[in-house]
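The structure presented is a predicted model; accordingly, all values stated were derived computationally and were not measured. The sequence lines fix the lettering, A, B, ..., with proteins before strands; numbering per chain opens at 1.
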Amino acid sequence: MAQPFLKKDDDHDDEVDYSPFLGIEKGAVLQEARVFNDPQLDPRRCSQVITKLLYLLNQGETFTKVEATEVFFAVTKLFQSRDLGLRRMVYVIIKELSPSADEVIIVTSSLMKDMTSKTDMYRANAIRVLCQITDGTLLTQIERYLKQAIVDKNPVVASAALVSGIHLLQTNPEIVKRWSNEVQEAVQSRAALVQFHALALLHQIRQNDRLAVNKLVSSLTRGSVRSPLAQCLLIRYTSQVIRESASNTQTGDRPFYDFLEGCLRHKAEMVIFEAARAITELNGVTSRELTPAITVLQLFLSSTKPVLRFAAVRTLNKVAMTHPIAVTNCNIDMESLISDQNRSIATLAITTLLKTGNESSVDRLMKQITTFMSDIADEFKIVVIEAIRSLCLKFPLKHRSLMNFLSNILREEGGFEYKKAIVDSIVILIRDIPEAKESGLLHLCEFIEDCEFTYLSTQILHFLGIEGPKTSDPSKYIRYIYNRVHLENATVRAGAVSTLAKFGAMVDSLKPRIFILLRRCLFDTDDEVRDRATLYLNTLGADGAVEDMKEFLFGSLDIPLVNLERSLKNYEPSEESFDINSVPKEVKIQPLAEKKAPGKKPTGLGGPPPGPPSTIDAYEKLLSSIPEFANFGKLFKSSAPVELTEAETEYAVNVVKHIFDGHVVFQYNCTNTIPEQLLENVTVIVDASEAEEFAEVASKPLRSLPYDSPGQTFVAFEKPEGVPAVGKFSNMLRFIVKEVDPSTGEAEDDGVEDEYQLEELEVVAADYMLKVGVSNFRNAWESMGPDCERVDEYDLGPRENLAEAVNAVINLLGMQPCEGTEVVPSNSRSHTCLLSGVYIGNVKVLVRLQFGIDGPKDVAMKLAVRSEDEAVSDAIHEIVASG
Amino acid sequence: MILAVLFANSEGNILVERFNGVPAEERLHWRSFLVKLGADNLKGVKNEELLVASHRSVYIVYTVLGDVSVYVVGKDEYDELALAEVIFVITSAVKDVCGKLPTERLFLDKYGRICLTLDEIIWKETVTFCVIANEHPFAFSSMDTAANVLPHPFS
């Protein structure tokens, strides 16, 4: 063993620094491992060497294949020793070395012998090792012993077998499922440990059989489960049964609630807590059901154990989101937790209080939080900021004190994420609470005077440019903005120049003075700043229409930046100037749902490379390379692939719908999954009798479709120009099939013609809509104006919940949800969803959907559409009316 | 499941670690995160007093045992309470092996037995059950089962 050089007189002082592994080296330890081969084994020495090997492995050292194999073979020699301690170390190191399949065979007979040994520890450990390193075939040989072990009277052995069963269930489920009877017997074991493991395994065996789980829970909830851990599992399984049966019981008491409630009086804390949490998480839990659970959680709040306090406050925090009133009783206990030494607990307490507090308690709470904020880490502060933001939106009258609080903490030290959270909160409050706007903007102005984060400065400057000119006295912001031009880096300076220009465009009285300031920027050292100043001076000074200038300054860039970047990179300098309208607007398209055989080149036309960034371009390139489709004009949209076959069928086919102004092209991506077949002359015969406005104009067959090498065939239709025609198409795959000799890979000369029925395909209204988002919906909505607005109300009939109704309408229209409004909070009775898109003919469309749900789940919807063309607004209404 | 069990010395060097289901590239992040968590909060904490934290959807229960700090990380069914049980088993086992609160030297002296014990997780006398290893249900890494009432290998 490596020994440090110690002086005799100070060895006591150095005791702490002494490490038995000082200077340990892998090579030396591997040399030492030769003692395993000694004819006279020294168990103590061998154990020490194994310890060193374990230490090395734990320190992240790795053994090469050769080293691991050598050590493994040496270790197997140690089975000759009868020393109990050494044998157990051998078990550990075998698992650590995880021998390969061909090496395992060396130890299996020794381990199988140990499995039936009279020594309990041999039996238990050998079972665990064997089950870890074994494969299916060996398992069937030892299955009989494992079954015996499950009902072994020694709990260690029984548990070892049960836990091994849990692991083996992942790899050899059929075998483990045969042990059901023994496991069931073990559930009744007197040893708590065995009962716990047996219950876990039994549930896993039966988890896909709802009736069996129901039976298991019914019988065990009546009897007595001794192990607290098993009781916890039982509570979890019970909650699962309650959840699954909830939809069947319309009225009356909830099944098993009494069991959960009874568990609240259990003597083990973990069981009490588990039951309390299960009750709080019940679907549609009533306040009568909640009360006993909240009461025990309240007791935990004043526990001396931090873990229990944390668990309780975390659960109450969750309850407060849905049932804030139920938690108010705990507010006093919760307030005392604000000073808890554990900051996680304190943060949870604060955020819970912020959710449950009423308007009158806000000020008092804010005082407490102020002292608390200074001594917690940024990550906790962010959680508090988010809670304060929701509180302010809940009580808008309190915006003054909450905004003050936010601005105060904005001045204090903090990292980027924290500052960003505060700025985001202030911006949201300004948007949603008009009274908070002016004070909020001033706070932001003060912040950028001393802001070290370029990103935040530019974001705030941009926001100031939009909101500042609309305030009562826009001139007061100019000083803050212009200071940035003097004091900041180039990025912020450029941002400030743009903001100044926006003020100049919106506020006529300020325009002359803005001109002076912009002219000064012409001498900036940075190109971008100078360019922007020149551009804005020319734009603002030009006599052109005011609307054009505003559109230029305030209009959102309705093109995804990645697409713009890619188009610019592809643009080759020439006589023809770059046309921004040529940039694709689609946000994203699913990658092609096709498999590529590794190492094989794509056949024929060369499938477009998968992956969202390149898909649109790839489709466009692919289509324009086919002469038949070359004159169809610009591709408007390509849909995500629609599967036309079930998974795992002989031939996998999906279709991509390419929409042009006067044409539609179906691209059928076909994959042949049968190795013994080669398909040739593959076409899709399309019956368009249910699509009256479409007429087939071209078809491009696929010459050859070998096994697992996808290829495409195309069918093109003509349709009335610019009209969003819809229809249903039935498809039949037709091809010549040739047998392939799997050994040589050669196909026979003669083939047989065959057909394969595919599923139907529909062209729907959503296919004519591009998902194009807007960065600020309200601005976009207001700038679009009410001229082409169409509003109507619809009854959507009974629905499961609001979320389902919202999703259905979004899918029907195929538009891009904005500002996260596609997410419907659970249990909400009304919801507003904002959508944007570009309709065929490049017409921008904005949609505002307001949903409401009444008692018997009837959903009503108000649909407001604004677009650049009233015919398009009407068309959107027609889509909804006929959908 | 239990994602990690980690022992570190007072300077934040790892003594024993077991990861389960944590990709290799994320382990470094976890190591430094846990060690920093300990450095920030474990000063002056009494032996075996449990501290708790949550990081995203993951729970961490940790404590100090003599010169050694112990961290247990879990998610899903391994919430703070289940982890408290796990860490209790682990600290009891380590104390059993060392005979007293471990110094770093004592811990390293008994390294082999600690590894063995963690593999088998030892229980004695009053204890009736124990928390076990590998993925499921209350378990971690390659240390699996179970209660052991037999004497220690080196005693």
At a 4.5 Å cut-off on heavy atoms, which part of [X] comes close to chain A: side chain, backbone, both, or neither?
X        : result
B:Leu106 : neither
B:Ala53  : both
B:Ile14  : backbone

In chain order, what residues pass the side chain to side chain contact (heavy atoms under 4.5 Å, CB included) check against A:Val313, with sequence neighbours excluded?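 Counting only residues at least two positions away or on another chain, A:Val313 forms a side chain to side chain contact (heavy atoms under 4.5 Å, CB included) with A:Leu301, A:Met334, A:Leu337, A:Ile345, A:Leu348, A:Ala349, A:Thr352.
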Taking C-beta and beyond as the side chain, do A:Phe273 and A:Val307 meet within less than 4.5 Å on heavy atoms? no
Between A:Ile50 and chain B, with a heavy-atom cut-off of 4.5 Å, which part of the residue counts as in contact: side chain, backbone, both or neither?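 Neither part; nothing is under 4.5 Å.
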Which atoms of A:Arg190 come close to chain B, meaning under 4.5 Å heavy atom to heavy atom: side chain ones, backbone ones, both, or neither?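 Neither the backbone nor the side chain of A:Arg190 comes within 4.5 Å of chain B.
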Provide the closest heavy-atom pair for A:Thr51 versus B:Gly112 in the form atom of the first, atom of the second, distance.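 Shortest heavy-atom separation between A:Thr51 and B:Gly112 comes out as CG2-N, 3.0 Å.
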Could you check A:Gln231, A:His203, A:Glu274 and say which one makes a side-chain hydrogen bond (donor to acceptor under 3.5 Å, both in side chains) with A:Arg236? A:Glu274
For chain B, which of A:Arg314, A:Glu269, A:Arg87, A:Lys305 has the most heavy-atom pairs under 4.5 Å? A:Arg314
Any chance CD of A:Gln341 has more than 12 other-residue heavy atoms, nucleotides or ligands included, within less than 6.0 Å?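 No, the 6.0 Å shell around CD holds no more than 12 heavy atoms from other groups.
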